[in-house]
Amino acid sequence: MTASKSITIHIVDDDEAFRDSLVWLLESHDYRVICHDHAEAFLAGFRVEQSVGCLILDIRMPGMSGLELYEELQARGNHWPVIFITGHGDVPMAVQAVKRGAHDFLEKPFNQEALLLAVNSALETAASLQQSSTLAQQCEARLQTLTVREREVLERVIEGKMNKVIADDLGISIKTVEAHRGRMMDKMGVRSIADLVQTVVAYRQQKGGA
C-alpha cells in the first residue's frame, strides 16, 4: 500500500445512496474510507491532532453545510485537502472555496475517473502534509531538549549573528558560544547553519509562527 493510500478518506454527505456508491468505488480501489451523514457527526469525532486525512464534502447539507464545515476546520488550523461535491447551482460557491484553499470540486453528475483523479491528487497533498507534520514533531522534540542558553544561541544563529556578536549579546566568551552552538547543532540533528535555519523556519511555518 502506498503512503497516500494509507490515509483515510472521510466522506461527509447526507445522501445515503450517494455515500454508499462512493464507498463501493473507493474501497474497490483499496482506499480507506469512513462515512459521516452530516457535518456535525464528523466534527464530533474530529481532533486537531489526529492523523492527516482527506475530505469529500457535499457543499450543501441540512444543518451545517459542507462549506461551513470547511470554514470551521480552517478556523481550527486544519488544512486537510478537501474535495467539494456540488450541484450545478452551487458551482460559484465551490469556486470561491477553491480560491480559499479547498483542493478541488466535482459537479454532479461526474464520472468515476474524475473522482479517482481528484482523490489521488488530494491524497498526494495529504501525504505531503503528513510528512511535514512528522518533521515538525521531530523538530519540536529536539527544541525541547535544548537548555535555555542553547535556545538563546539558536535564536541568534538563525538571525545570522556571528559568534562574537552572540557573545556580546549574552555576556559570555566566544569559546562558550562555540561550545553551546556545537551542542545545540548536535541536539537539533543538523550539520550546517543552512540546515538549522531551514529546519526551524519550516517548523515555525507549520506551527503558524510558534
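Quantities reported herein were computed from a predicted structural model and do not represent experimental measurements. For the numbers below, each heavy atom of this structure counts, side chains included, while hydrogens, waters and symmetry mates do not.
Contact check for Val33 versus Ile56: no side-chain heavy atoms found under the 4.5 Å cut-off. At least one side-chain heavy atom of Leu43 sits under 4.5 Å from a side-chain heavy atom of Met64. With a 4.5 Å cut-off on side-chain heavy atoms, Ser121 and His103 count as touching. Cys35 is listed as a side-chain neighbour of Val23, based on a closest heavy-atom distance under 4.5 Å. Using a 4.5 Å cut-off on side-chain heavy atoms (C-beta onward), Tyr31 and Val119 make contact. Side-chain contact between Gln138 and Thr199: absent, with no pair of heavy atoms (C-beta onward) separated by less than 4.5 Å. Here the side chains of Thr147 and Arg183 are not in contact, with every heavy-atom distance at 4.5 Å or above. No side-chain heavy atom of Asp169 sits less than 4.5 Å from a side-chain heavy atom of Glu155.
Closest approach of Asp37 and Ala41 over heavy atoms only: OD1-CB, 3.9 Å. When all heavy atoms are compared, the tightest approach of Phe84 to Ala102 is CE1-CB, 3.8 Å. Thr145 and Lys187 make their closest contact through O-NZ, 3.1 Å (heavy atoms, listed as atom of the first residue, atom of the second, distance). Pairing each heavy atom of Ala122 with each of Pro81, the nearest pair is O-CG, 3.2 Å. Residues Glu150 and Met184 share a closest heavy-atom pair of O-CG, 3.9 Å. Residues Val200 and Cys139 approach most closely at CA-SG, 4.5 Å, considering heavy atoms.
A perpendicular orientation is assigned to the rings of His10 and Phe42, their planes being inclined by more than 60° (bins at 30° and 60°).
With rounding to the nearest 0.5 Å, the separation of CH2 in Trp80 from CG in Leu73 is 8.0 Å. If you take CZ on Arg191 and CG on Asp186, they are separated by 11.0 Å, rounding to the nearest 0.5 Å. Atom CG of Asp58 sits about 11.5 Å away from atom CG of Leu67, to the nearest 0.5 Å. To the nearest 0.5 Å, atoms OG (Ser21) and CD1 (Ile11) are separated by 8.0 Å. From Met188, atom CE reaches atom CG of Leu154 across 6.0 Å, with rounding to the nearest 0.5 Å. Taken from NE2 in His36 to CG in Asp13, the straight-line distance is 12.0 Å, to the nearest 0.5 Å.
By the side chain to side chain donor-acceptor pair (under 3.5 Å) test, Arg142 is found to be paired with no residue, residues two or more places apart in sequence or in another chain being considered.
Ion pairing between a basic and an acidic side chain is recognised when a charged N comes within 4.0 Å of a carboxylate O; Glu152 and Arg149 show such pairing.
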Open item on the list: Run Asp14 and His38 through side-chain contact (heavy atoms from CB on, under 4.5 Å) and show every step you take.
Closed with: CA-CA 6 Å; Asp14 62 308; His38 55 277; 5.6 Å; no
TODO: Give the C-alpha distance, both sets of side-chain angles, the deciding distance and a yes or no for side-chain contact (heavy atoms from CB on, under 4.5 Å) between Leu69 and Glu40.
DONE: CA-CA 8 Å; Leu69 172 58; Glu40 293 86 349; over 6 Å; no
TODO: Take Thr176 and Leu170 through the test side-chain contact (heavy atoms from CB on, under 4.5 Å) and record every step on the way to the result.
DONE: CA-CA 10 Å; Thr176 302; Leu170 300 178; over 6 Å; no
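When each of Leu57, Val82, Ile34 is checked for a side-chain contact (heavy atoms from CB on, under 4.5 Å) with Val12, only Leu57 meets the rule.
If you chain together hydrophobic residues whose side chains sit under 4.5 Å apart, Leu115 and Phe18 fall into the same group. When the side chains of ILVMFWY residues are joined at heavy-atom separations under 4.5 Å, either directly or via intervening members, Phe110 and Trp24 end up in a single hydrophobic cluster. When hydrophobic clusters are built by joining Ile, Leu, Val, Met, Phe, Trp and Tyr residues whose side-chain heavy atoms come closer than 4.5 Å, directly or via intermediates, Val153 is grouped together with Ile193. Ile166 and Met162 are assigned to two separate hydrophobic clusters, defined by single-linkage of ILVMFWY side chains at heavy-atom distances under 4.5 Å. Note on Leu22 and Leu117: separate hydrophobic clusters, where clusters join Ile, Leu, Val, Met, Phe, Trp and Tyr whose side-chain heavy atoms are under 4.5 Å apart, directly or indirectly.
Side-chain atoms of Ser28 come within 3.5 Å of backbone atoms of Leu25 as a donor-acceptor pair (strictly under, hydrogens ignored).
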